[in-house]
Amino acid sequence: MSTEESTKPANFIRHIIDADLAANKNKGKVATRFPPEPNGYLHIGHAKSIVLNFGIAEDYNGTCNLRFDDTNPEKEDVDFVNSIQEDVKWLGFDWQDRLYYSSSYFDQLAGYAIELIQAGKAYVCDLNAEETREYRGSLKEAGKDSPYRGRSVEENLELFGRMKKGELEDGSCVLRAKIDMASPNMNMRDPTLYRIRQGVVHHQTGDAWSIYPMYDFTHPVSDAIEGITHSLCTLEFADHRPLYDWVLDNISLRCHPQQIEFSRLNLQYTVMSKRKLTQLVDEKLVSGWDDPRLPTIAGLRRRGFTPASIREFCIRIGISKVENSVEMGMLEATIRDDLNASAPRRLAVMNPLKVVIENYPENKTEELSVPNHPQNEDFGKRIVPFSREVYIDKEDFRESANNKFKRLVLDKEVRLRSGYVIRCDRVIKDEQGEIIELRCSYDPDTLGKNPEGRKVKGVIHWVSATHAVQAEVRLYDRLFNHPTPDDGKDGVGFKERMNPESLVVLKQCVLEPSLADSEPGERFQFEREGYFCRDAGSSDELVFNRTVTLRDSWIKEEKKL
RNA sequence: UGGGCCGUCGCCAAGCGGUAAGGCAACAGGUUUUGAUCCUGUCAUGCGGAGGUUCGAAUCCUCCCGGCCCAGCCA
């Protein structure tokens, strides 16, 4: 971001690391990892984790691996492994040569499974899914031991070997850890370690495997193989930590990373779960994973967010173990801070109303030299043509208004931004009484200076009609009209709380001519309107996406009236 | 008494026994050719509640209240 980014925020995880370092734990090394499953696009909640993990690695002179946790081939896809890498890179992080896949540890994983079997700590269980559930008991009642729990090491070895060779059918059996069916922690009631998946093609290992390890077995082993020191994950995995530790305590791998849980990000007026995002995309309720209304990294990018603003947002919200619900205003403030400093200013009219300046010569064009940034001369200047006919926004004119309305009013004056002061003399309407044109006059002595003897406090934006370029502008707003769309309360599903006005397409917008030369992805402030980004998905036509509006104290003022 | 986790300003969030940081929002002013930006000021005798320990408690203890998570051959 062009303004300074926050650094090294205090949080409980950094305190733990500080203490570990002080105690010379892990020989002073810090190694983290970001372990996405490639079954969807990354969203801003992942960004929180990415910024945490890569940020810690950076600040402690350590490393952060990118590891695909790809143990469930049915739901995963190469497209997702590609998009994830693209998004992490775009956010500004570099895993260098440390790109890993849990699937590349499948051999080692199977070896450790055999160790567990040999130690009598894992067994092959023939119970089907339903039976397994019944035997597991409930939250308040202990489970029962599986009838297969007592199988001999030899038999288990033999059976696991057959599972691995593809001799057994899907669902016919699983490999389970032998822990404690009466544990108050459900995760410790002989959790499944391996299941059979015949015939599915894994995006990395193809058809090499007919068994796939479960998360609870894969994750600790993968962390340990990579020499991770601090394994950061979200709160819902806290109950899994005893299992994480159990696995590492019972295999020969001599590395034991520390799992630490923090709370996931909840952003108001949107949904963050991958399942729900997938649903929105699959059911075509949005245009795709990069729909600018989505909290996905791809969506935010297309919307016009900068990588730096997302990083800064993730730092500002902090890390804790508290259930949170961050206001959209927080995200908006962060992107505004960035774009205010970094986006060149332009003039663009959303709802054009023609203005004819009757005392301005016909066929004359003045080339006004206008600063690209009001506070920063380094942005230079550009030429903005001015002529007898201009467009202003319909919102900026009223036939009558009190003096709170600092825009154009019949028989009153207003400043055309970076241009002249004009007065509205006449209003022209069509048969329906709709205002279709304004007849005005200008004061030639007001270019770059204030008029003599009177004050003109209003300033509005405009575009020369004869030089204007046409464009489509997409105004985006929150996707949902409820702060917690997926809270399941009132018996209303999140899809029923979608905001019908989350996208408003304006096809008749007029822009100052310099914008015709903009590049897809380029960001601007359209003065008095907001920050906009040339759409990168429709490079032929001129389309702009509104990233965020400017702060608007007029809305509040207007409501008071 | 299944287990785990969490309650500090409207929203995030520091604080770790020495007398409540910061950000966002809000409010009140000032500057301004963007009702933007910028600047100034205001905003928790109070830390879920009640007791207790202490010279001193958001920080320690006890009890209570509220919220979140867990019964996939998902992660």
Side-chain angles (χ1 to χ4, degrees), chain A residues 6 9-12 15 35-37 39 69-72 74-75 125 127-129 132-134 136-143 170-176 182-189 191-197 212 214-216 218-219 233-242 261 263 265 268 274-275 315-334 336-337 340-341 345 347 373-375 404-407 415-419 421 446 448-450 456-461 525-530 549-558:
Chain A
S6 327
N11 64 50
F12 79 99
H15 289 322
E37 184 190 11
N39 66 346
D69 209 352
D70 54 348
T71 56
N72 187 6
E74 289 160 305
K75 292 198 171 154
C125 178
L127 254 25
N128 64 33
T132 305
R133 193 182 335 116
E134 284 162 10
R136 189 153 35 226
S138 71
L139 294 178
K140 292 186 179 174
E141 300 163 67
D170 279 26
S172 61
C173 60
V174 294
L175 181 72
R176 291 227 251 169
S183 171
N185 182 343
M186 298 298 274
N187 296 297
M188 300 300 268
R189 322 245 263 227
T192 301
L193 265 21
Y194 268 93
R195 75 284 212 185
I196 302 171
R197 285 292 173 273
Y212 290 92
M214 301 288 288
Y215 166 87
D216 282 314
T218 310
H219 211 83
C233 64
T234 43
L235 247 30
E236 67 273 23
F237 290 101
D239 284 345
H240 295 242
R241 194 172 62 234
E261 312 86 20
S263 52
L265 165 65
Q268 293 182 359
K274 238 191 256 186
R275 205 196 105 246
I315 290 165
R316 285 188 191 184
I317 56 174
I319 297 292
S320 72
K321 301 185 75 154
V322 184
E323 236 8 87
N324 58 74
S325 180
V326 177
E327 293 174 341
M328 265 298 174
M330 191 76 98
L331 219 209
E332 293 174 348
T334 318
R336 282 192 188 112
D337 278 357
N340 173 52
R345 313 288 129 121
L347 296 175
H373 195 289
Q375 278 88 230
K404 286 271 196 186
F405 186 77
K406 301 196 295 179
R407 308 180 192 184
R415 158 81 61 186
L416 293 180
R417 173 71 168 158
S418 304
V421 168
T446 54
K449 54 181 165 178
N450 288 321
V456 176
K457 54 179 189 250
V459 179
I460 63 174
H461 57 289
Q525 182 198 100
F526 290 171
E527 295 209 40
R528 301 210 314 131
E529 290 288 356
T549 61
L550 257 29
R551 270 187 65 201
D552 189 355
S553 52
W554 165 245
I555 286 180
K556 274 180 265 176
E557 197 62 35
E558 197 178 23

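The chains referred to below are lettered A, B, ... by the order of the sequence lines, with proteins before strands, and numbering in each begins at 1.
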Colleague: Heavy atoms, side chains only, cut-off 4.5 Å: are A/T549 and A/R336 in contact?
Modeller: yes
Colleague: Chain A on RNA chain B: first and last contacting nucleotide, 5' to 3', under 4.0 Å to a heavy atom?
Modeller: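 Here the contact window of chain A covers B/G2 to B/A75.
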Colleague: Expressed as a whole number of Å, how far does the C1' atom of B/U8 sit from that of B/G46?
Modeller: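 Approximately 9 Å lies between the C1' atom of B/U8 and that of B/G46.
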Colleague: Classify A/S553 by what it touches in the nucleic acid, base, sugar-phosphate, or nothing, heavy-atom distance under 4.0 Å.
Modeller: sugar-phosphate
Colleague: Rounding to the closest angstrom, what is the interatomic distance between B/U59 and B/U53 at atom C1'?
Modeller: 13 Å
Colleague: Only pairs with both distances under 3.5 Å count, Watson-Crick or wobble alike; so what is the partner of B/G66 in this structure?
Modeller: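 Paired with B/C6.
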Colleague: Categorize A/P36 for me: base, sugar-phosphate, or nothing, with a 4.0 angstrom heavy-atom threshold over every strand shown.
Modeller: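 Contact class for A/P36: none.
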Colleague: For RNA chain B, whose closest nucleotide is more 5', that of A/N185 or that of A/R415?
Modeller: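 Going by which nucleotide is closer to the 5' end, it is A/N185.
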Colleague: So A/G329, base contact, sugar-phosphate only, or nothing? Heavy-atom distance under 4.0 Å.
Modeller: sugar-phosphate
Colleague: Counting only Watson-Crick or G-U wobble pairs whose two distances fall under 3.5 Å, which nucleotide matches B/U34?
Modeller: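 Base-paired to nothing in any strand shown.
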Colleague: How is A/R189 classified with respect to the nucleic acid when contacts are heavy atoms under 4.0 Å: base, sugar-phosphate, or nothing?
Modeller: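 Since no nucleic acid heavy atom lies under 4.0 Å of A/R189, the category is nothing.
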Colleague: For the C1' atoms, the ones on B/A57 and on B/G51, what distance do you get once it is rounded to whole angstrom?
Modeller: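 So the two C1' atoms sit 13 Å from each other.
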Colleague: Do the two ring centres, one from A/H15 and one from A/F12, sit under 6.0 Å apart?
Modeller: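 Ring centroids of A/H15 and A/F12 are no less than 6.0 Å from each other.
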Colleague: Any idea if B/G72 is syn or anti, going by the 90°-from-0 cut?
Modeller: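 Syn, since the glycosidic angle lies within 90° of 0.
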Colleague: Tell me whether the rings of A/F237 and A/Y215 are parallel (<30°), tilted (30 to 60°) or perpendicular (>60°).
Modeller: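 Correct class here is tilted.
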Colleague: Touch check for A/L175, heavy atoms < 4.0 angstrom, all strands: base, sugar-phosphate only, or nothing?
Modeller: nothing
Colleague: Would you say the side chain of A/C125 lies within less than 4.5 Å of the side chain of A/C173, judging by non-hydrogen atoms?
Modeller: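 Not in contact.
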Colleague: Could you tell me the separation between the CG atom of A/N324 and the CD1 atom of A/I317, rounded to the nearest 0.5 Å?
Modeller: 7.0 Å
Colleague: What I'd like to find out is whether the side chain of A/L347 reaches to under 4.5 Å of the side chain of A/R417, using heavy atoms alone.
Modeller: yes
Colleague: Test side-chain contact (heavy atoms from CB on, under 4.5 Å) on A/L235 and A/E323 and set out the steps.
Modeller: CA-CA 9 Å; A/L235 247 30; A/E323 236 8 87; 4.2 Å; yes
Colleague: Which part of the nucleic acid, if any, lies within contact of A/A129, taking any heavy atom under 4.0 Å across all strands shown: a base, the sugar-phosphate backbone alone, or nothing?
Modeller: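 Base contact.
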Colleague: Determine the contact category for A/F237: base if any of its heavy atoms lies under 4.0 Å from a base atom, sugar-phosphate if only primed atoms, P, OP1 or OP2 are that close, otherwise nothing.
Modeller: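 The answer is base, as A/F237 lies within the cut-off (heavy atoms under 4.0 Å) of a base atom.
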Colleague: Please work out if A/G448 contacts a base, only the sugar-phosphate, or nothing of the nucleic acid, heavy-atom cut-off 4.0 Å.
Modeller: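 The residue A/G448 makes base contact.
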Colleague: Considering heavy-atom distances to RNA chain B, does A/T71 or A/I319 have its closest nucleotide positioned more toward the 5' end?
Modeller: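 With A/T71 and A/I319 compared, the 5'-side residue is A/I319.
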Colleague: For B/U31 and B/C43, measure between their C1' atoms and round to the nearest Å.
Modeller: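 Result for the C1' pair: 23 Å, nearest Å.
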Colleague: With a 3.5 Å limit on both atom pairs, tell me what B/U42 is paired to, counting Watson-Crick and G-U wobble, or say none.
Modeller: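 B/U42 is paired with B/A26.
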Colleague: Base, sugar-phosphate, or nothing for A/G143, non-hydrogen atoms under 4.0 angstrom?
Modeller: nothing
Colleague: Would you mind classifying the nucleic acid contact of A/F526 as base, sugar-phosphate or nothing, using non-hydrogen atoms under 4.0 angstrom?
Modeller: nothing
Colleague: Using the C1' atom as the reference point in each nucleotide, state the distance between B/U37 and B/G30 in Å, no decimals.
Modeller: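 Per the computed distance, 14 Å lies between those C1' atoms.
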Colleague: State the pairing partner of B/A21; accept Watson-Crick or G-U wobble contacts with both distances under 3.5 Å, and report none otherwise.
Modeller: none
Colleague: Select base, sugar-phosphate, or nothing to describe what A/R417 touches, counting heavy atoms under 4.0 Å on all strands.
Modeller: base
Colleague: With a non-hydrogen cut-off below 4.0 angstrom, is A/E261 in contact with a base, only sugar-phosphate, or nothing?
Modeller: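 Contact class for A/E261: none.
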Colleague: Please state the P separation for the pair B/G56 and B/C64 - nearest whole angstrom.
Modeller: 26 Å
Colleague: Side chains of A/D552 and A/I555: does their closest heavy-atom pair fall under 4.5 Å?
Modeller: yes
Colleague: Would you indicate what A/S418 reaches in the nucleic acid, counting non-hydrogen atoms under 4.0 angstrom: base, sugar-phosphate, or nothing?
Modeller: base
Colleague: Please state the C1' separation for the pair B/A20 and B/A44 - nearest whole angstrom.
Modeller: 7 Å
Colleague: Within the 4.0 Å heavy-atom criterion, would you say A/K406 contacts the bases, only the backbone, or no part of the nucleic acid?
Modeller: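 Touches a base.
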Colleague: Using the P atom on both, measure B/A58 against B/A21 and round to a whole Å.
Modeller: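 Here B/A58 and B/A21 have their P atoms 13 Å from each other.
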Colleague: Can you tell me the pairing partner of B/C60 across any strand shown, Watson-Crick or G-U wobble, with both distances under 3.5 angstrom?
Modeller: B/G52
Colleague: Flag the pair A/T218 / A/D69 as yes when at least one side-chain heavy-atom distance between them is below 4.5 Å, and no otherwise.
Modeller: yes
